[in-house]
Amino acid sequence: MTDEQIDRLKRGGHDLVKIHAAYAAAAAHRGQPTVILAHTKKGYGMGAGQGKMTTHSHKKFESADLVGFRNRFNLPLTDEEATSLAFYKPADDSAEMKYLKDRRAALGGSMPRRETACDLVPVPGIAAWAQFALAAEGKDMSTTMAFVRMLGALLKDKTLGPRVVPIVADEARTFGMANLFKQVGIYSSVGQRYAPEDIDTILSYREAIDGQILEEGISEAGAIASWTAAATSYSVHGLAMLPFYIYYSMFGFQRVGDQIWAAADQRARGFLLGATSGRTTLGGEGLQHQDGTSHLVAATIPNCRAWDPAFAGEMAVIVDQGMREMLVEQQDVFYYITLMNENYAQPSLPPELHADVLRGCYRFGRYGEPQGDAAVTLLGSGAILTEAIKAARQLAADGIAVDVFSVTSWSELARDGAASARAALASASVHAVPQEAPFITRQFASGVGPIVAATDYVRAVPESIRAYLPEGRRYVTLGTDGFGRSDTRAALRRFFGVDAASIANAARRALA
C-alpha cells in the first residue's frame, strides 16, 4: 500500500458499516450489557492536521485544506463553493433526503419533543404521615430524625409506598435509618449471604432480594447515579418513582455537583436531602463535613428548588408540596432540602402559615414592644434560626421590638424577585399596569428599622435577596465565609459571627 492509501484507511469509529454492525450486534445481544469501543483518529479528514496534537488548536481551514476536504469525502461542491463554506443540501427527492425525513417522522417530527406518559400517583394527606411535625408542640428533635420518621410513614402507604426509593451512600445509622432495615430491607440481587456483625440486635442490617433501600457503599457517585435512574424512571420507563437520597450535605453539590446538573438536564423528579447541613452544625470534623455553599450551588440549577427549613413542620409542608408537584402535577422539578442533626424544640406550624412557607419565608414571631424607633427585623434559616430567636429575646430585654422571620428558601425568594424585575422590564410602556412587587418586598413593607439576616452558609446566600427588599431599610448579612473549623457548635458560631450574641450586636450597630 502507498503512504496515501495507508493514510486514507478508516478506523472502526469512522467506518459506517462497522459502526452499524457493532450497534446491530449490541441490540441483538441478550443477558449482558454491551460495550462498543469505537477507535477514532483525532482530526479525521483534516488533511495535514489528521492524527496530530495540533488539531486542538486548528481554528480554521485554508483554501487548500477546504478543497482537500471536499476531495477526500467526494462532496459535490465546486472549488468556489468549498472555499466559501457554502452549505450543500441534497435534492428533496434524493435517497438521502427521503431517508432523513422518514427517520425524523418516525421519531415524532422535525421538532424534538419529550414523550412522558406515566400514570399519576396519588399522594396521601399530610396528616397521615407528618401530623407529629405539624403539631410538634415544643418536642425536642432534629429535622433529620423527623425526616426519617416521615419517610418510614410514607413507605407504609399502600399506593405511594412501593414507589418510594430510599437511597444512602453511607452512614445510614447516623441518619437514624436503622429501623428501615427491618421495615423494607436493603436491596441485594442475591439476598443476604452472610451474618452481619450486628445480627444479635433488634435493628440489625438486613439485605433482601425484595429490599427497597439502595445502600451504595461509600460512593456518592454511585448513589447519585441510582437516584438519577429512579428520578427519571417516569420518562424512561413510564413508571413514576420517588427517590429520596440522603447524604452529608457537603458530599452532594461539593462532590457530585456535575452529576446533579446532569440529572437536572434529564428532568429528574425526586428529593435530595443534605443532612448535617451548615458550617457549624457538626462540630469536631472540620472541612470533612461542614457545608457552607450547597445552597449557593443549588440556586444555579433552574429546576432545583432548594430549601433550608429550621423546623420539622416546615419540612413536612415542603415535602408534601414537592410530592404533589412531581407525582400529581408532573412538573419537572426536584427538591434539595437541608437537614440538621441538632436537637431543639420544634414548634407547631399553623395551617395559615403553610402558603408563606412555600413562598420562602414567614413571620415566626414578634418579641418586645417598640420604644420610640427602636425596631429591627431578624431573618434566619436552618440551624441559625434558633440563634436569631435567642438574639430577639436579648434585644427585647433591651427595649427593642423585634420581628423574627423564618426563611425556608433564599433561592425561591430571589427567583420570585428576579421574575418580578423581568416582568417590570418587559412592560411595553412606562404607563403599563404596575407589576406586583416581589413577595419578599411585600412581606417587609409594613416593617421599620434595619433587617439583619443570618445563615449557616456563606453570606452570598442571604445577599441574593438584597435587591428585592423595601427601599430605605438597611440590610446586614451574616454568614460562615471561610474554611471550616473543628470545635463545638457554640464556639464555631461565635467564630463565624452567627451566634445569638453576634446577631444581636449586628442589630444594635445597624440601629445606631
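Heads up: numbering here begins at 1 and tracks the sequence. What's counted below: heavy atoms across the whole structure, side chains too, no hydrogens, waters or symmetry copies.
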For V333 and M326, which heavy atoms make the closest approach, and how far apart are they?
O-CG, 3.7 Å
Side chain proximity check, N505 to I503, heavy atoms < 4.5 angstrom:
no
Nearest heavy-atom contact between A504 and L395 is O-CD2, 3.7 Å
So which heavy atom on A507 is nearest to which on V376, and how close?
CB-CG2, 4.0 Å
I'd like to know if E412 pairs up with R359 as an ion pair, taking the criterion as any Lys NZ or Arg NE/NH1/NH2 lying under 4.0 Å from an Asp or Glu carboxylate oxygen.
no
Examine R279 relative to Y457 and say whether NZ or CZ is less than 6.0 Å from the centre of the six-membered ring and inside a 45° cone about the ring axis.
no
Would you please indicate if the ring centroids of Y245 and F334 are separated by under 6.0 Å?
no
N303 atom CG, over 12 foreign heavy atoms within 6.0 Å:
yes
Any idea which heavy atoms bring I465 and A414 closest together, and the distance?
CG2-N, 4.0 Å
Check whether more than 12 heavy atoms from other residues, nucleotides or ligands sit under 6.0 Å from atom NZ of K156, and answer yes or no.
no
I want to check something: taking the side chain as every heavy atom from C-beta on, are E197 and S204 in contact at a cut-off of under 4.5 Å?
no
Has the side chain of T480 got a donor or acceptor atom that lies under 3.5 Å from a matching backbone atom of F496?
no
Mind checking whether T280 and I384 have side chains closer than 4.5 Å, heavy atoms only?
yes
Report the C-alpha distance between V121 and V328 in whole Å, list the side-chain angles of each, state the deciding distance to 0.1 Å, and finish with yes or no for side chain to side chain contact (heavy atoms under 4.5 Å, CB included).
CA-CA 6 Å; V121 180; V328 180; over 6 Å; no
Between F251 and R255, is there a cation-pi geometry (under 6.0 Å to ring centre, at most 45° from the normal)?
yes
Would you check if L242 and F271 make a side-chain contact, meaning some heavy-atom pair closer than 4.5 Å?
yes
Should D398 and R508 be marked as a salt bridge (charged side-chain N to carboxylate O under 4.0 Å, His left out) after you check the CA-CA gap, both sets of side-chain angles, and the distance that decides it?
CA-CA 10 Å; D398 295 340; R508 293 188 187 98; 2.8 Å; yes
Under 30°, 30 to 60°, or over 60°: which ring-plane class applies to Y336 and Y247, parallel, tilted or perpendicular?
parallel
Quick one, Y468 with D416, criterion side chain to side chain contact (heavy atoms under 4.5 Å, CB included). Give me CA distance, side-chain angles, the key distance, then yes/no.
CA-CA 9 Å; Y468 314 115; D416 174 75; over 6 Å; no
Verify whether one side chain among R466 and T477 offers a donor that lies under 3.5 Å from an acceptor in the other.
no
Backbone of E216 reached by a side-chain donor or acceptor of S219 within 3.5 Å
no
Ring centers of F253, W261 separated by less than 6.0 Å
no
If every non-hydrogen atom of V148 is compared with every non-hydrogen atom of G176, which pair is closest and at what distance?
CG1-O, 3.3 Å
How about T228 and Q259: do any of their side-chain heavy atoms sit closer than 4.5 Å?
no
Applying ring pair (Phe, Tyr, Trp, His ring centres under 6.0 Å) between F405 and each of Y362, F444, W410, report the one that passes.
F444
Going by the angle between their ring planes, with limits at 30° and 60°, are F175 and Y248 parallel, tilted or perpendicular?
perpendicular
Determine, stepwise, if the pair S406 / E314 fulfils side chain to side chain donor-acceptor pair (under 3.5 Å).
CA-CA 10 Å; S406 174; E314 298 171 357; 2.8 Å; yes
Please round to the nearest 0.5 Å and tell me the distance separating atom CG of L296 and atom CZ of R459.
12.5 Å
Quick one: does Q346's side chain get under 4.5 Å of Y344's, heavy atoms only?
yes
Could you tell me if R269 sits above the aromatic ring of Y234, with its cationic atom closer than 6.0 Å to the ring centre and no more than 45 degrees from the axis?
yes
Less than 4.5 Å apart, any side-chain heavy atom of L180 and any of I213?
yes
Look at atom CG of D258 and say whether more than 12 heavy atoms of other residues, nucleotides or ligands are closer to it than 6.0 Å.
no
Evaluate salt bridge (charged side-chain N to carboxylate O under 4.0 Å, His left out) for R493 paired with E342, printing each intermediate quantity in order.
CA-CA 14 Å; R493 289 170 185 170; E342 183 178 354; 2.8 Å; yes
Can you confirm whether the side chains of T276 and N341 place a donor and an acceptor under 3.5 Å from each other?
no
Side chains of D499 and S502: donor-acceptor distance under 3.5 Å anywhere?
yes
With a 4.5 Å heavy-atom cut-off, do Q254 and T293 have their side chains touching?
yes
Atom of Q394, atom of A500 and distance for their closest heavy-atom approach:
NE2-CB, 3.8 Å
Other residues, nucleotides, ligands: >12 heavy atoms within 6.0 Å of R324 CZ
yes
Any side-chain donor-acceptor pair under 3.5 Å between H295 and S411?
no
Tell me, yes or no, whether the heavy-atom count around L107 atom CG, taken from other residues, nucleotides or ligands under 6.0 Å, exceeds 12.
yes
Quick one: do R267 and T232 satisfy side chain to side chain contact (heavy atoms under 4.5 Å, CB included)? Show the steps, please.
CA-CA 7 Å; R267 304 292 181 180; T232 57; over 6 Å; no
Are Y335 and W307 an aromatic pair by the rule of ring centers under 6.0 Å?
yes
State, without any angle test, whether E137 and S348 hold a side-chain donor-acceptor pair at a distance under 3.5 Å.
no
Does R206 come within less than 4.0 Å of E215, counting only side-chain N to carboxylate O?
no
